[in-house]
Participant: 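The following block contains the structure, expressed as structure tokens.
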2 protein chains.
Amino acid sequence: MRIKLPTMYDVAKLAGVSQPTVSRVLNRNDTSVPISDETRARVLAAVEQLGYRPNVAARSLRTQRTQTVALLIADLSNGFYQLLARAVQDVARKHDYEVLISSSDHLYENEKHFCEIVLRRGMDGVIMVPQRLSIHEMDHFLQQTQIPFVVLGRHIDHPRIDVVYVDDERAIYEATSWLIQKGSHSSIGFVGVPASLPPGLGRLQGFSRAVTEAGLTLDPRFMLEGDFTLEGGKRAAQTLIERGDFPSALVVINDLMAIGVILTLQEAGIRVPDDVAVMGFDDIPEATIVRPALTTIAQDPREIGQKLATSLFARLESGQSARRVLESPYKLIIRDSA
Amino acid sequence: MRIKLPTMYDVAKLAGVSQPTVSRVLNRNDTSVPISDETRARVLAAVEQLGYRPNVAARSLRTQRTQTVALLIADLSNGFYQLLARAVQDVARKHDYEVLISSSDHLYENEKHFCEIVLRRGMDGVIMVPQRLSIHEMDHFLQQTQIPFVVLGRHIDHPRIDVVYVDDERAIYEATSWLIQKGSHSSIGFVGVPASLPPGLGRLQGFSRAVTEAGLTLDPRFMLEGDFTLEGGKRAAQTLIERGDFPSALVVINDLMAIGVILTLQEAGIRVPDDVAVMGFDDIPEATIVRPALTTIAQDPREIGQKLATSLFARLESGQSARRVLESPYKLIIRDSA
DNA sequence: GAATTCGATGTAACCGAATACATGTATTCG
DNA sequence: CGAATACATGTATTCGGTTACATCGAATTC
């Protein structure tokens, strides 16, 4: 099917040398094997003339490395992960690696498939945002390979896994406390996700700690659950509207849902923030597009992606061995929705 | 570095057969080579026991196929391309292919790098949204390989290139005509991109045709240029604001810039659509988030992605040979900004 | 001047699968 | 009953590189 691309053998023939000599010229970094300037020139000329390109599959087979790392994010349509992915790609590019990006869409099956791909394709390293894989399953995965493994967002305690995390619990605690104090709200609601999903539990805990410390109580009527998406936020707001009963403020677990909440509340004639204040989490680009602009907790996806990738390549290239656990900062961004 | 994964040879040894027999059991579901049920069972048991996984590099080297297609889009942070990418991935998944996604960010250098990767990694097929590559360069690329090549968005006339396109010229023409007629605007501005970038010229032509046919003239003061991004839209609006002179309507070449325009105009106290009506193109998710919601021309990225991928796999698997040129529909979505 | 070293290159083995071809046994047919 | 034919499997080769090792003339050492 494919036109046969020129191989090293073709180059060698044209340059009048043996095939390994071509290999040596092209991977010149190893000074241990000297090559005469004249040969080098002839080889390079032949490479140029034929438009030779190395065959990555062949090289990978021999060297057992693919110059590729795999990145699994939770949702490619979420601006947060896009920026993170791009940061990872930028770092990888500097190291001459490609990145295979996968989106799990929060589905177990996709995370499993991802692991499968990593093994079959011999990825050299993994960065992932695990959602449904248990620590046990990740351990099982790690037993089949020795590649570096970096993870975002959970306090995972495994000697082989490097972690970058944001302290959500504290972030939401502080933001909620600020919100309560500022607005002297009497009742605050929460739109979360099932506690089994990584950020779900920590953020819920931060929220409830702030609420109870302020002497308020968690009102079950205002504890809602969604699925991270805009639609999920809309549905959550819809149930409030149907009940006709509102808290004076809502802390939403991520921006996309927070925006959905705002849009739906407004459609029902409820004013934000006057009737209901809304706070998000992530600071995605859309947060500055909604009106009122979204008050939220900013994470820095570029910084996170960079930390993740840098950890990975530290192991990959400098043979780092000490386990790393890095915290990435957050910051309360006060806009107009709360 | 990596723990040696079990190979076919290991499986063979455990099952007491030869390596090719394992290969036959695993991928020769075609009946041409018969295998006894007993052997098959023993092999499968061994595969299971060892957790054997095929080595993709080795297979690729031998078969000259990688079960991977490459997708180059213009901008991963644009919701339109995200949806398109996902549609492509879905189709690919059904055919048991992986997708290597790359974002050119409209840069020539990234498009070149993409082509390089395609050749080195032996991708089986390519889908791309070319921005800066000339038809001549694409032809040169195609001479080095025989893989199927599908492109979005330009009327490219090359026997080896399948095309999916949206008739932007007509779309903008109709939308602009509708706008003029409805709002009885006296002056209409345009925020485009440099004409050298694919959608730039066609959309500009559609716009100017509508304007002149309506008996209006193109006012150079209101012909602006951006770079597809939110920031680009903001800058365009900013120059208008600095001049203090506004058209009564603006046709913007894509939604992201249109949203930037709206936000910046509003900040300067200009009302949309009352003072200036704004119309976009794409119908990205954010179009329903801005207020006023964006009136725009919808393209269907899922449909486009599906058409692209389907064309590709038609060639890849069914050995299709006739060149395909497919049109994908557009639709005027009337919301509140115009 | 013989021995040793070094510089430059060739030879051969290997990575893990796929596949053309060879082999040997059981089955069928004339 | 011998030859042809399935059937089931093994042997050898190949894909395109990398790398350990061998070679061999020239330079250096003693």
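Protein chains get the first letters and strands the later ones, always in sequence-line order, with residue 1 at the start of each. Remember, predicted model here, so these are calculated numbers, not experimental data.
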Participant: Under 4.0 Å between a side-chain N or O of B:Y52 and OP1 or OP2 of C:dA17?
Facilitator: yes
Participant: Quick check on DNA chain C: between B:A58 and B:T21, whose nearest nucleotide comes earlier from the 5' end?
Facilitator: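 Final value for this comparison: B:A58.
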Participant: Does A:R120 reach a base, just sugar-phosphate, or nothing at all? Heavy atoms under 4.0 Å.
Facilitator: nothing
Participant: What is the nucleic acid contact for B:P54, judged by heavy atoms within less than 4.0 Å: base, sugar-phosphate only, or nothing?
Facilitator: sugar-phosphate
Participant: Which residue pairs satisfy the salt bridge (charged side-chain N to carboxylate O under 4.0 Å, His left out) criterion with at least one member in residues 70-79 of chain A, sequence neighbours excluded?
Facilitator: A:D75-B:R86
Participant: Can you tell me the distance, in whole Å, between the OH atom of B:Y9 and the C1' atom of C:dA18?
Facilitator: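 It works out to 17 Å between those atoms.
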Participant: Can you name the closest pair of heavy atoms from B:P148 and B:L316 and give their distance?
Facilitator: CG-CD1, 3.4 Å
Participant: Has B:N55 got a side-chain N or O lying under 4.0 Å from the OP1 or OP2 atom of C:dC15?
Facilitator: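 So the side chain of B:N55 is outside the cut-off, no N or O lying under 4.0 Å from OP1 or OP2 of C:dC15.
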Participant: I'd like to know if A:R59 reaches the base of D:dT18 with its side chain, counting only an N/O donor and acceptor under 3.5 Å.
Facilitator: no
Participant: Whole angstroms only, please: what is the CG-P distance between B:N27 and C:dT19?
Facilitator: 8 Å
Participant: Is the shortest side-chain N/O distance from B:Q64 to OP1 or OP2 of D:dG16 below 4.0 Å?
Facilitator: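 Yes, because at least one side-chain N or O of B:Q64 sits under 4.0 Å from OP1 or OP2 of D:dG16.
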Participant: Take atom CD of A:Q19 and atom P of D:dT19, then tell me their distance rounded to the nearest Å.
Facilitator: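 So the CD-P distance, A:Q19 to D:dT19, works out to 12 Å.
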Participant: Below 4.0 angstrom from OP1 or OP2 of C:dA17, is there any side-chain N or O of B:T63?
Facilitator: no
Participant: Within a strict 4.5 Å, meaning less than it, do heavy atoms of the B:L133 and B:M128 side chains meet?
Facilitator: yes
Participant: What I want to check is whether an N or O donor and acceptor connect the side chain of A:R62 with the base of C:dG16 at under 3.5 Å.
Facilitator: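 Flag unset: no donor-acceptor pair detected.
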Participant: Is a donor from one side chain sitting under 3.5 angstrom from an acceptor on the other, for A:Q131 and A:S104?
Facilitator: no
Participant: Side-chain N or O of B:S36 versus OP1/OP2 of D:dA8: is the shortest distance under 4.0 Å?
Facilitator: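 Looking at the OP1 and OP2 atoms of D:dA8, neither is under 4.0 Å from any side-chain N or O of B:S36.
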Participant: Run B:Y165 and B:L326 through side-chain contact (heavy atoms from CB on, under 4.5 Å) and show every step you take.
Facilitator: CA-CA 6 Å; B:Y165 72 98; B:L326 301 175; over 6 Å; no
Participant: Using rotation axes that map the C1' atoms of four end pairs onto the next four (five pairs an end), what angle separates the end axes of the helix from C:dG1-D:dC30 to C:dG30-D:dC1, to 10°?
Facilitator: 50°
Participant: Tell me whether A:T63 contacts the main-chain N or O of A:R59 through its side chain, where contact means a donor paired with an acceptor under 3.5 Å.
Facilitator: yes
Participant: Is it the case that more than 12 heavy atoms not belonging to A:E109 sit under 6.0 Å from its CD atom?
Facilitator: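 Atom CD in A:E109 is not crowded, with 12 or fewer foreign heavy atoms closer than 6.0 Å.
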Participant: Taking the side chain as every heavy atom from C-beta outward, state whether A:H158 and A:L142 have any atom pair closer than 4.5 Å.
Facilitator: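 Yes; the side chains approach each other to less than 4.5 Å.
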Participant: With a 4.0 Å heavy-atom cut-off, tell me which residues in residues 37-50 of chain B come close to DNA chain D, sorted by residue number.
Facilitator: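 Output list: B:T39.
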Participant: Using the ring of each side chain (for Trp, its six-membered ring), is B:H95 parallel, tilted or perpendicular to B:F313, with breaks at 30° and 60°?
Facilitator: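 Rings of B:H95 and B:F313: parallel, as their planes differ by under 30°.
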Participant: Which nucleotide wins on minimum distance to the side chain of A:M8, given the candidates C:dT9, D:dT18, D:dT11?
Facilitator: D:dT18
Participant: Quick one: label A:V17 by what it contacts on the DNA or RNA (base, sugar-phosphate, nothing), any heavy atom closer than 4.0 Å.
Facilitator: sugar-phosphate
Participant: Find the distance B:R121:CZ to D:dG17:C1' and express it as a whole number of Å.
Facilitator: 15 Å
Participant: Hydrogens and angles aside, do A:Y97 and A:Q89 bring a side-chain donor and acceptor to less than 3.5 Å of each other?
Facilitator: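 There is no such pair between these side chains.
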Participant: What's A:S18 touching, base or sugar-phosphate or nothing? Going by heavy atoms closer than 4.0 Å.
Facilitator: base
Participant: Looking at B:R53 and C:dG16, is any side-chain donor or acceptor paired with a base atom of the opposite kind under 3.5 Å?
Facilitator: no
